[in-house]
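Report on the following structure.
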Amino acid sequence: MHVGVEGDGVSILGLKLWKFKWQSVGQEPIVVPHPSYLHERHQAWVYEVETSSKVVRFAAGELSNGVWGFYVPT
C-alpha cells in the first residue's frame with residue numbers, strides 16, 4: 001500500500017507507475033479502507049501496467065484532491 005501525490009515516485013515491482021499508461025482490467029471498483037482513517041472507505045479501480053518482461057496489477061483511487069492510494073493483491 002502506498003499513499004502519495006499524483007506523479008510521485010510510487011513503484012510496484014520496480015515499475016514507476018506514473019511513467020506508464022494504466023490499462024483498466026474492466027472490473028467494478030473495489031472498496032478499500034483509507035490508510036490513515038480506517039473507518040473511511042474509498043473506491044479503487046483495478047489496473048495493469050505491462051512491459052516486455054512483466055505485468056503488474058494494482059488498484060488505485062484518489063483519496064482526496066491529488067492524493068492517491070495504491071493497493072496490491074496479497
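Note: the hydrophobic cluster containing Met1 does not contain Val72 (ILVMFWY, side chain heavy atoms under 4.5 Å, direct or indirect links). The cluster map of Ile, Leu, Val, Met, Phe, Trp and Tyr, joined by side-chain heavy atoms under 4.5 Å apart, puts Val25 and Phe70 in different clusters. Cluster membership for Ile12 and Val46, using ILVMFWY side-chain heavy atoms within less than 4.5 angstrom, is not shared.
For Lys54, the side chain to side chain contact (heavy atoms under 4.5 Å, CB included) partners two or more places apart in sequence, or in a different chain, are Leu13, Leu15, Thr51, Val56. With sequence neighbours left out, Glu48 forms a salt bridge (charged side-chain N to carboxylate O under 4.0 Å, His left out) with Arg57. Residues satisfying the ring-ring contact (aromatic ring centres under 6.0 Å, His included) criterion with Tyr71, sequence neighbours excluded, are absent altogether. Partners of Glu50 under the side chain to side chain donor-acceptor pair (under 3.5 Å) rule, at least two apart in sequence or in another chain, do not exist in this structure.
Trp22 places a side-chain N or O within donor-acceptor distance of the main-chain N or O of Leu17, the cut-off being under 3.5 Å.
Side-chain contact between Pro33 and Glu40 is absent, with no heavy atoms from C-beta onward closer than 4.5 Å. Side-chain contact between Phe20 and Tyr47 is absent, with no heavy atoms from C-beta onward closer than 4.5 Å.
For residues 2-25, there are no salt bridge (charged side-chain N to carboxylate O under 4.0 Å, His left out) pairs, not counting sequence neighbours.
Taken from NE2 in His34 to CG in Leu63, the straight-line distance is 4.5 Å, to the nearest 0.5 Å. Atom CH2 of Trp45 sits about 10.0 Å away from atom CD of Glu28, to the nearest 0.5 Å.
Of all heavy-atom pairs spanning Gln27 and Ile30, the tightest one is NE2-CG2, 3.9 Å. Across all non-hydrogen atoms, the minimal contact from Val5 to Trp18 is O-NE1, 4.0 Å.
Grouped by direct or indirect side-chain proximity (heavy atoms under 4.5 Å, Ile/Leu/Val/Met/Phe/Trp/Tyr only), Leu38 sits alone.
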